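Before any comments, here is the structure.
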Amino acid sequence: MTNTIAEMAAAWDPARFEEARYQWWEERGYFQPRIDHEQQPFVVIMPPPNVTGQLHLGHALTASVEDALVRWHRMRGDPTLWLPGTDHAGIATQYVVENHLASQGIDRREIGRQKFLEHVWEWVREYGGAIQNQHRRLGASCDWTRERFTLDEGPSRAVRATFVNLYESGRIYRGERMINWCPTDHTALSDLETEYEDAAGKLWHINYPYTDGSGRHVTVATTRPETYLGDTAVAVNTNDPRFADAIGLTVRLPFIDREIPIIGDDYVDMEFGTGALKVTPAHDQNDFEIGQRHGLEAIEVIAADGTLNENAGPFAGLERFAARQSIVSELEAAGFLERTEEYQNRVGRCYRCQTIIEPRLSIQWFVDIAPLAERAAEAVRDGRIRIVPERFTGTYLNWMDGIRDWCISRQLWWGHRIPAWFCGECDGDRLQIILGEAITGPDGQPLWEATYSQLREIGLTPEEIVARADRVNADKDATPIVAVDGPSACPECGPAALLQDPDVLDTWFSSGLWPHSTLGWPDDAEDYRYFHPTSVLETGYDILFFWVARMIMMGLENTGDVPFRTVYLHGLVRDAQRQKMSKTRGNVIDPLESIAEYGTDALRMALTIATTPGNDLALTPGRMEAGRNFANKLWNAARFVARSVETSGAAVGGEMPEPSHREDRWIVSRLNGVTAHVNQLLEDFQLGQAEQVIRDFLWDEFADWYIELAKVRIRNGDTAPVAYLVGALEQSVRLLHPFMPFVTEEIWQSLVARAPGLARGVESIMVSAYPQADVGDADRASEAEVGDVINVVRAIRNARAEGNVEHSRMIEVFVDADTRSRQAIDDSREAIGTLARVSSLRVLEEDDERPDPASVMTAILDGVTVMAPLAGLVDADAERARLTKELEETQGRLTGLEQRLGNEGFRSKAPAHVVAKEEERLAESRQRVERIEEQLARLG
RNA sequence: GGGCGGUUAGCUCAGUUGGUUAGAGCGCAGCGUUGACAUCGCUGAGGUCAGAGGUUCAAAUCCUCUAUCGCCCACCA
């Protein structure tokens with residue numbers, strides 16, 4: 001695409017290439033793995049974003065990291081699958097669509113389940129494509145032909161199969177338990193979906209008079225006075241002397257005049273409040289458990305919509321917080337309120353809509369999770385699954401340890417409907433049927449709901465009941481019939497009226513199956529056989545419990561194997577002020593806007609370079625600018641390289657020839673060192689570090705030095721460097737490609753266009769081989785020698801800058817070097833001349849006369865002394881002061897080294913190579929001190 | 001109440017089995033448009049690695065404590 005220099009504009013322009021290039025890759029089928037049973041595949045399943053959502057920077061980070069891993073493995077030759085997908089996101093989506101409809105004056109309850117679901121599907125069709133487009137813009141090389149949606153037939157059947165298996169083995173059960181209820185969403189939530197936060201509240205002390213006529217009362221302390229209407233006991237600690245005589249007595253609840261007992265239960269903390277605890281079994285988990293122990297009745301007073309129900313007597317119909325106000329003032333007016341304290345407590349909120357959760361007793365489906373958790377913990381403990389970074393292993397195991405049963409039913413419409421049916425003929429009295437439209441009841445009045453049995457008595461046939469039923473509420477003793485594809489008959493009574501449970505499953509239930517349900521399980525699918533277990537599961541640490549832990553539990557249960565080998569947890573992306581990004585804060589950055597401004601490669605680099613797993617990242621505009629600037633720098637370096645191929649006419653082949661020139665040996669050696677290092681870092685999941693190493697090599701060594709050194713030789717007609725300019729750049733962009741796919745591809749194409757041998761038979765960098773190297777190949781001599789040349793150039797530049805020598809003025813330089821550097825400096829004299837603007841460079845021999853120290857600026861490096869006579873610019877006093885300071889520093893270092901090496905402990909205990917290194921440094925420092933002293937002596 | 005993490009240059013962050021004089025980007029100061037690149041080049045300033053103690057020949061790195069910010073988990077009304 002970019003075959004001429006003219007086409008390679010002076011600046012990297014992502015907009016010009018990205019979209020076309022993505023399509024070009026996709027058309028060639030690069031995103032699809034080949035199935036090769038001789039090879040171990042590399043598989044990543046993408047965390048499915050909300051199908052109707054917009055990608056935020058967290059997703060962009062996910063995509064950047066996963067794409068880097070995937071592209072790296074693909075280039076290594078592994079059959080590589082990155083499977084994308086989306087999640088139906090039960091509550092979130094239903095909530096959004098419901099609000100949308102409400103804004104049009106439509107109430108979902110009025111239009112009914114079927115109509116509502118049609119609206120949601122329409123919504124999905126309308127907004128569902130955004131995610132895929134955004135991933136394409138991010139350059140994500142995922143296999144769109146295998147894209148899955150949680151509500152697709154395959155994953156849906158996997159959900160039902162899992163439910164049935166767990167039910168049949170007794171690990172899914174239906175029962176009446178205390179659950180977290182969201183009065184806004186009208187559904188149960190799991191413990192994880194309830195977020196607790198501290199809130200300023202009050203502790204009300206309420207008097208309950210004894211019924212013995214003594215006129216005495218017991219005082220209870222509560223943060224939720226409105227629940228007193230549902231109290232069925234007051235509990236005290238059996239060891240509490242204050243209440244020793246009270247147990248067994250009864251008290252009377254104000255206004256509603258219910259008589260309730262005082263019971264003894266050691267759950268009660270004598271230190272807290274008054275030592276007497278009001279017990280509301282229907283609206284508090286602990287109270288429920290106390291109630292169970294003592295056989296107390298659970299009286300519900302707060303209804304599903306958060307208003308007080310008929311059991312609330314005079315307060316019925318009030319909203320729960322309005323009721324609290326009202327009850328407190330009534331109690332106070334009637335003298336039942338002893339006192340009020342300020343109190344900090346924790347309130348649970350719905351993680352989607354922030355409504356305060358109401359603990360509520362209801363019939364739900366649960367997973368008996370402890371046995372699954374035990375196996376899931378074991379898989380991590382024994383190393384079958386590795387978590388990166390490792391510290392999350394403890395968090396994970398701790399969570400598994402104290403896990404409670406998982407409430408999986410949701411009173412929503414959008415999601416996987418629970419595959420459980422109830423038989424009207426068997427459980428007629430236990431099934432409350434809510435009708436889609438009213439029928440005429442026996443009394444001539446419209447009838448909206450009735451038990452199945454009652455409807456039969458009216459004369460409806462089973463078929464008619466099924467057809468008219470909008471939903472069924474089965475009581476806790478009803479017997480569900482659970483089947484993957486829906487039962488056609490009741491096992492007890494044959495063909496009958498079967499009514500499906502109205503609830504859907506927790507979204508995370510289906511997400512928990514994602515690694516195997518997307519690959520075809522429970523069928524014996526080829527993808528499943530080949531690609532499962534997957535390799536790496538990459539996601540944010542914030543959904544370790546929600547998702548990762550559940551995938552491990554469900555994966556082990558369903559497949560008998562771990563779902564993935566490695567869990568890589570990235571940190572959260574925050575804004576420049578380290579605030580969490582959220583819609584309500586209004587600080588979300590749209591990845592597409594960043595891409596438009598800086599380019600995809602720049603955004604990806606900003607999100608990943610020099611980051612470390614599990615640590616949060618504040619994404620600043622500066623990081624993105626740095627990414628853009630690097631892409632541009634690289635692009636321009638490539639322009640120079642391309643140009644040098646054309647103008648030199650050098651024939652460049654596929655492999656770099658064995659280098660003979662020191663500078664060429666140096667860059668090849670450094671390239672190999674970087675290649676080996678990068679591979680090692682990638683193996684160890686240190687992606688950010690690997691990226692940093694590549695960037696530093698390309699900018700600080702290749703562009704800043706090798707290109708500049710090569711220019712000098714090329715100018716003199718030496719075409720040898722061209723092969724290394726091309727070869728080193730080509731190999732470097734291959735190293736970088738997983739991180740910055742677009743700019744590296746364009747550069748690679750431009751290089752291949754000029755040196756077709758580089759392609760090595762492939763059409764794209766994406767499918768070229770990832771570079772490998774052996775650290776043992778390093779050319780230490782050339783690295784040291786070119787290092788000396790670079791240091792000399794730097795020293796001269798430094799002297800020029802300090803002496804304020806005008807750029808246009810060429811200067812003379814004398815160099816006194818030891819044998820190691822002398823030849824290298826002599827050989828590179830022209831380069832030094834050009835790069836440091838030196839007109840004449842003299843490498844001094846043993847008996848050559850040194851220039852007058854009073855008129856030179858001197859830089860003393862390891863093994864090299866650089867002297868720049870700057871007539872009229874050198875202040876002998878200043879020079880003396882500078883050298884004296886340097887002498888002090890060097891001597892200080894020398895003293896340290898002498899002490900260390902004089903220490904017997906160091907000599908005997910430190911590894912030999914460390915000792916040798918220190919000795920080398922000692923010798924260098926000594927020599928340097930000598931030379932500084934000598935120079936000072938000559939200065940007088 | 002338990003547990004985890006951060007604290008390194010003005011800002012954002014690297015620094016993985018303890019081993020040269022602790023690094024980068026941005027910012028800052030000075031200089032610089034000769035054909036790869038001003039989205040750039042050159043030079044430089046800037047850090048007692050939160051604090052204290054300990055282990056060690058050697059500590060930003062390991063241990064203990066403290067401070068501070070943040071996160072996770074937990075049934076105290």
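All values reported here derive from a predicted model rather than from experimental measurement. Below, chains carry the letters A, B, ... as their sequence lines are ordered, and counting in each starts from 1.
Residue contacts shown for A:Pro621 are absent, as no nucleic acid heavy atom lies under 4.0 Å away. Residue A:Ala626 is in sugar-phosphate contact alone, with no base atom involved, counting any heavy-atom pair closer than 4.0 Å across all strands shown. When heavy atoms are screened at a 4.0 angstrom cut-off, A:Arg921 is found touching base atoms of the nucleic acid. Using a 4.0 Å heavy-atom criterion, one finds that A:Phe545 contacts the sugar-phosphate atoms exclusively. Among the protein residues, A:Glu708 comes within range of the nucleic acid bases, having at least one heavy atom under 4.0 Å from a base atom. Within the 4.0 angstrom heavy-atom criterion, only backbone atoms of the sugar-phosphate kind lie near A:Arg695; the bases stay farther away. The residue A:Val268 sits close to a base: some heavy atom pair falls under 4.0 Å. Residue A:Asn903 is in sugar-phosphate contact alone, with no base atom involved, counting any heavy-atom pair closer than 4.0 Å across all strands shown.
Annotation: B:U61 and B:A45 have their C1' atoms spaced 28 Å apart (nearest Å). Here, B:A58 and B:C76 have their P atoms 48 Å apart, quoted to the whole Å. Here the separation of B:G15 from B:U20, taken at their C1' atoms, is 15 Å to the nearest Å. Atom C1' of B:U21 sits at a distance of 13 Å from the matching atom of B:G47, rounded to the whole Å. Across B:A59 and B:G53, the matching C1' atoms stand 14 Å from one another, rounded to whole Å. With both ends at atom P, the span from B:G6 to B:C13 equals 13 Å, rounded to whole Å.
Nearest nucleotide to the A:Arg628 side chain, out of B:A77, B:C73, B:U39: B:U39. Comparing B:U21, B:C37, B:U16 by their closest approach to the side chain of A:Asp684 singles out B:U16. For A:Arg391, counting side-chain heavy atoms from C-beta on, the closest listed nucleotide (B:C37, B:A77, B:C4) is B:C4.
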Checklist outcome for this item: Quick tally for nucleotides 59-64 of chain B: nucleotides whose base has a protein heavy atom under 4.0 Å get B, sugar-phosphate-only ones S, the rest -, giving ------
Checklist entry - Which nucleotides of nucleotides 7-15 of chain B have their base under 4.0 Å from a protein heavy atom (B), which only their sugar-phosphate (S), and which neither (-), written as one string 5' to 3'? => result -----SSSS
Checklist entry - Base, backbone or nothing for each nucleotide of nucleotides 40-48 of chain B, written B, S, -, heavy atoms under 4.0 angstrom, 5' to 3'? => result SSSSS----
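Residue A:Tyr343 has a polar side-chain atom (N or O) positioned under 4.0 Å from OP1 or OP2 of B:A77.
A:Arg346 has its CZ atom 13 Å from the P atom of B:G1, to the nearest Å. Rounded to whole Å, atom C1' of B:C72 lies 9 Å from atom OH of A:Tyr541. Look at CE on A:Met624: it is 15 Å from C1' on B:U39, rounded to the nearest Å. Rounded to whole Å, atom P of B:G25 lies 18 Å from atom OH of A:Tyr598. Note: CG (A:Leu572) to P (B:G5) measures 17 Å, nearest angstrom.
Annotation: side chain of A:Val838 is not in contact with side chain of A:Arg800 (no heavy-atom distance under 4.5 Å).
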Checklist entry - Is there a side chain to side chain donor-acceptor pair (under 3.5 Å) between A:Arg242 and A:Thr274 once you walk through the steps? => result CA-CA 10 Å; A:Arg242 293 172 295 179; A:Thr274 60; over 6 Å; no
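Heavy-atom distances to RNA chain B give each of A:Arg404 and A:Ala703 a nearest nucleotide, and the one nearer the 5′ end belongs to A:Ala703. In terms of position along RNA chain B, the nucleotide closest to A:Val805 lies nearer the 5' end than the nucleotide closest to the other residue of the pair A:Val805 and A:Ala11.
For a distance-only test at 3.5 Å, the side chain of A:Lys711 qualifies as a donor-acceptor partner of the base of B:A36.
Using a 4.0 Å cut-off between a side-chain N of Lys or Arg and a carboxylate O of Asp or Glu, A:Arg360 and A:Glu358 do not qualify as a salt bridge. With salt bridges taken as basic N to acidic carboxylate O contacts below 4.0 Å, none links A:Glu919 and A:Arg900.
Between the A:His283 side chain and the A:Pro359 main chain, a donor and an acceptor come within less than 3.5 Å of each other.
Classification of the A:Trp699-A:Phe630 ring pair by plane angle, with boundaries at 30° and 60°, yields parallel. Below 30°, between 30° and 60°, or above 60°: for A:Phe702 and A:Phe697 the angle between ring planes is between 30° and 60°, a tilted geometry.
The cationic group of A:Lys711 lies under 6.0 Å from the six-membered ring centre of A:Phe640 and within 45° of the ring axis, placing it in a cation-pi geometry.
Side-chain rings of A:Tyr196 and A:Tyr351 stay apart, their centers remaining 6.0 Å or farther from each other. Under the 6.0 Å cut-off for aromatic ring centres, A:Phe392 and A:Tyr541 qualify, their centroids lying closer than that. In this structure, A:Trp635 has its ring center closer than 6.0 angstrom to the ring center of A:Phe17.
No hydrogens or angles considered: nothing links the side chains of A:Arg639 and A:Ser750 as a donor-acceptor pair under 3.5 Å. Using a 3.5 Å distance cut-off with no hydrogens or angles, the side chains of A:Asp231 and A:Tyr208 do pair a donor with an acceptor.
Of all the heavy atoms in A:Thr539 and A:Val548, the pair that sits closest is CG2-CG2, 3.7 Å.
Searching all strands for a Watson-Crick or G-U wobble partner of B:A24 with both distances below 3.5 Å returns B:U12.
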